[in-house]
Amino acid sequence: MTIKLNFFGAAGTVTGSCYLLETPRARLLVDCGMFQGPHALKELNYQPFPFAADGLTAVLLTHAHTDHSGLLPKLTRAGYHGPIWTTPGTADLLTWMLPDSARIQETEVEQLNRRQRRRDREEVEPIYTADDAEHCLRQIKTIDYDIWQEVAPGIKARWWNAGHILGSASIELSVETGDRLQPNLSMLFSGDIGPQDSALQAPAEGPQGIDYLLAESTYGNRPRIHVDDAGRRAILETEVRDALDRGGNLLIPAFAVERSQELISDLGWLMLHNRLPKAPIFLDSPLAIKATDVFERHLGMLDGLEQGLSPFRAPNLHCVGSVQESEKINNISGGAIIISASGMCDAGRVRHHLKHQLWRSNATVLLVGYQAPGTLGQLLESGVSRVSIRGEHIAVKAHIRSIDVYSGHADQGDLLRWIKARLPVTRGIFLVHGTEAALAAQRDGLITSGIASDRIIVPALDQCFNLDHAEGARLLGEGKSRLDADKSAEARQGWDWINDYAAFNVDLKNYLLNLDSDHARQQVLQEFRRQMRQRS
Ligand SMILES: [Zn+2]
């Protein structure tokens, strides 16, 4: 019997997880993620799927992050009305994440169409609408961890905790082959793997001994310093205590899902044990508040919480719903802890808080996650003395601090350990979901660990493999990619000139802002013009 596996995302790309497994009796999709990053990749979100959506038997989902789930409503719009299997935690997160994503699509397209009309160009349609998202949510069927479920004729699936975010899973499949000697083919899709030392998630699990493994490689080339719960809390404690001692407010930009809840949980623990004063904590992000509600409903799934106590219900935690309430926080001159999104300071309510805190010399901004190039968070981290927020120039006098003890992703060592714990993998290991450098480092790490190099495959976008019992994985055809060679190279880096240009723009503006005089600024611009004239 022929079993084929197509890599329609997260292969040769960092985002857009999407795999299609084909047997004579079923067509199974694992993840349906949105492409992010380079422009050419994002354009794929608008193109038709490279498969017939209405011909699918079932869809299985590893977790709620947009690069794994973000195109599910598009699947519904394209005619898929069958089941979408996932864990209860993921299902609950999706109830607001998918409609929210739809609203973003609709708003972006509305703005784009205004420009299109002015340029006398054809209008575009949103990838999907809030209606599509609502319909899609009705297709979700939930399944707990560790239970075998028949998901399609001849295919059973089992979800393993991946320790990455609430509800996240690796999915194991057992596929009937019709072969009497080897009646089943087993495979494992890693999804995203969490770190060993996650604040709220138990370490990732998985089966031992499979035929095929698809392993993510996000941090395949990045080791991190590991700290246990006590170490992580001690680092946070010092930062919060110093910030409160300065007499001003503490602003923590944080991702809405998982990171905000980790912070609330650790702050709650430190206050409960009198290691920190019970300062008011303002959770000021509508998305983070919705996510926190979901976490509250799934307390039993979380690791590291004090028995019987929910940090999400602490009396000093204030969930700030309305914009008016959010603005009222600006009147507080000191002693408050404000957690707000986005985590990289490039959008959301955190920007108005930055406007009100950055100029105060007794205020503190604590960065707790990765800050990408071109974001305001990265500028602050680099130590600039002035920034521009909503057209206003703000002096940076606040203390800018950053800590690297919160992470949603397994690092290089964690990933390698997780893969080794799955051995033996008898037929092949596919490495996906990483930049070229991360994939190469992950591959080298596996070879050094004694895994035969011909068993490790790094597939490219849109490639299809025959999963043979005897021979292992075999590439079928040339595998026509939706991206040409140039675009493929950009996709593999997760970066293109437009990303670069945006980051450069931010850097340049900031560089000019931080010069002493208008005369110096004009001189720099003149020099730029001179260089451009020379090159053209
Ligand atoms: Zn993820």
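Here, residue 1 is the first one in the sequence, and each next residue gets the next number.
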Under the 3.5 angstrom rule, does the side chain of [X] hit a backbone N or O of [Y] as a donor-acceptor pair?
X	Y	value
Asn316	Ile281	no
Asp100	Trp96	no
Ser217	Gly220	no
Asp192	His164	no
Ser17	His68	no
Ser190	Glu216	yes
Thr86	Leu61	yes
Asn113	Gln116	no
Gln442	Ala215	no
Asn45	Phe35	yes

* When you look at Arg360 and Arg246, which way does the side chain to side chain contact (heavy atoms under 4.5 Å, CB included) test go after all the steps? -> CA-CA 11 Å; Arg360 297 172 195 256; Arg246 285 180 198 119; over 6 Å; no
Does the side chain of [X] come under 3.5 Å of the side chain of [Y] through a donor N or O and an acceptor N or O?
X	Y	answer
Asp346	Thr375	no
Gln105	Ser101	yes
Thr76	Gln139	yes

I want to check something: taking the side chain as every heavy atom from C-beta on, are [X] and [Y] in contact at a cut-off of under 4.5 Å?
X	Y	answer
Leu283	Ser260	yes
Ile338	Leu250	no
Arg349	Val323	yes
Asp92	Asp293	no
Leu354	Ile394	no
Gln201	Leu166	yes
Leu29	Leu75	yes
His65	Glu258	no

For the residue pair [X] and [Y], what are the closest heavy atoms and their distance?
X	Y	result
Gly163	Asn161	N-OD1, 3.0 Å
Asp132	Pro73	CB-O, 3.8 Å
Ser265	Leu305	OG-CD2, 3.5 Å
Ser310	Leu299	CB-CD1, 3.7 Å
Ala64	Leu93	CB-CB, 3.9 Å
Ser168	Thr90	N-OG1, 4.2 Å

* Test side chain to side chain contact (heavy atoms under 4.5 Å, CB included) on Lys290 and Val294 and set out the steps. => CA-CA 7 Å; Lys290 284 181 186 152; Val294 176; 5.9 Å; no
* Hey, can you tell me if Trp159 and Trp85 have their rings parallel, tilted or perpendicular (30° and 60° cut-offs)? => tilted
Neighbour count >12 (heavy atoms, 6.0 Å) for atom [atom1], [X]:
X	atom1	result
Arg117	CZ	yes
Glu125	CD	no
Tyr46	OH	yes
Asn331	CG	yes
Lys328	NZ	no
Gln47	CD	yes

* Asked: Any chance the rings of Tyr19 and Phe8 have centres within less than 6.0 Å?
  -> no
* Asked: Which residue pairs pass the ring-ring contact (aromatic ring centres under 6.0 Å, His included) test with at least one member in residues 217-265, sequence neighbours excluded?
  -> Tyr219-His409
* If a pair satisfies ring-ring contact (aromatic ring centres under 6.0 Å, His included) and one of its residues is in residues 263-295, list it, with sequence neighbours excluded. => Trp269-His273, Phe282-His318
Say you draw a straight line from [atom1] of [X] to [atom2] of [Y]; how long is it, rounded to the nearest 0.5 Å?
X	Y	atom1	atom2	result
Lys42	Leu44	NZ	CG	12.0 Å
Arg259	Gln261	CZ	CD	10.0 Å
Leu236	Leu366	CG	CG	7.0 Å
Leu367	Met344	CG	CE	11.0 Å
Arg233	Thr238	CZ	OG1	14.0 Å
Cys136	Leu71	SG	CG	10.5 Å

* To do: Go through the steps for Asp197 and Arg232 under the test salt bridge (Lys or Arg N to Asp or Glu O under 4.0 Å), then give the verdict.
  => CA-CA 9 Å; Asp197 48 4; Arg232 186 189 64 245; over 6 Å; no
Are the charged groups of [X] and [Y] less than 4.0 angstrom apart, N to O?
X	Y	answer
Arg521	Asp518	yes
Arg114	Glu110	yes
Glu106	Arg103	no

* Asked: What's the verdict on side chain to side chain contact (heavy atoms under 4.5 Å, CB included) for Ile337 and Leu267, showing C-alpha distance, side-chain angles and the deciding distance?
  -> CA-CA 10 Å; Ile337 300 171; Leu267 288 170; 4.1 Å; yes
* To do: Give the intermediate values and the outcome of side chain to side chain contact (heavy atoms under 4.5 Å, CB included) for residues Leu358 and Val365.
  => CA-CA 8 Å; Leu358 282 176; Val365 176; 3.9 Å; yes
Kindly list each side-chain donor-acceptor pair under 3.5 angstrom involving residues 376-384, sequence neighbours excluded, with atom names and distances?
residue: Glu381; atom: OE2; partner: Ser402; partner atom: OG; Å: 3.4
residue: Ser382; atom: OG; partner: Leu379; partner atom: O; Å: 2.7

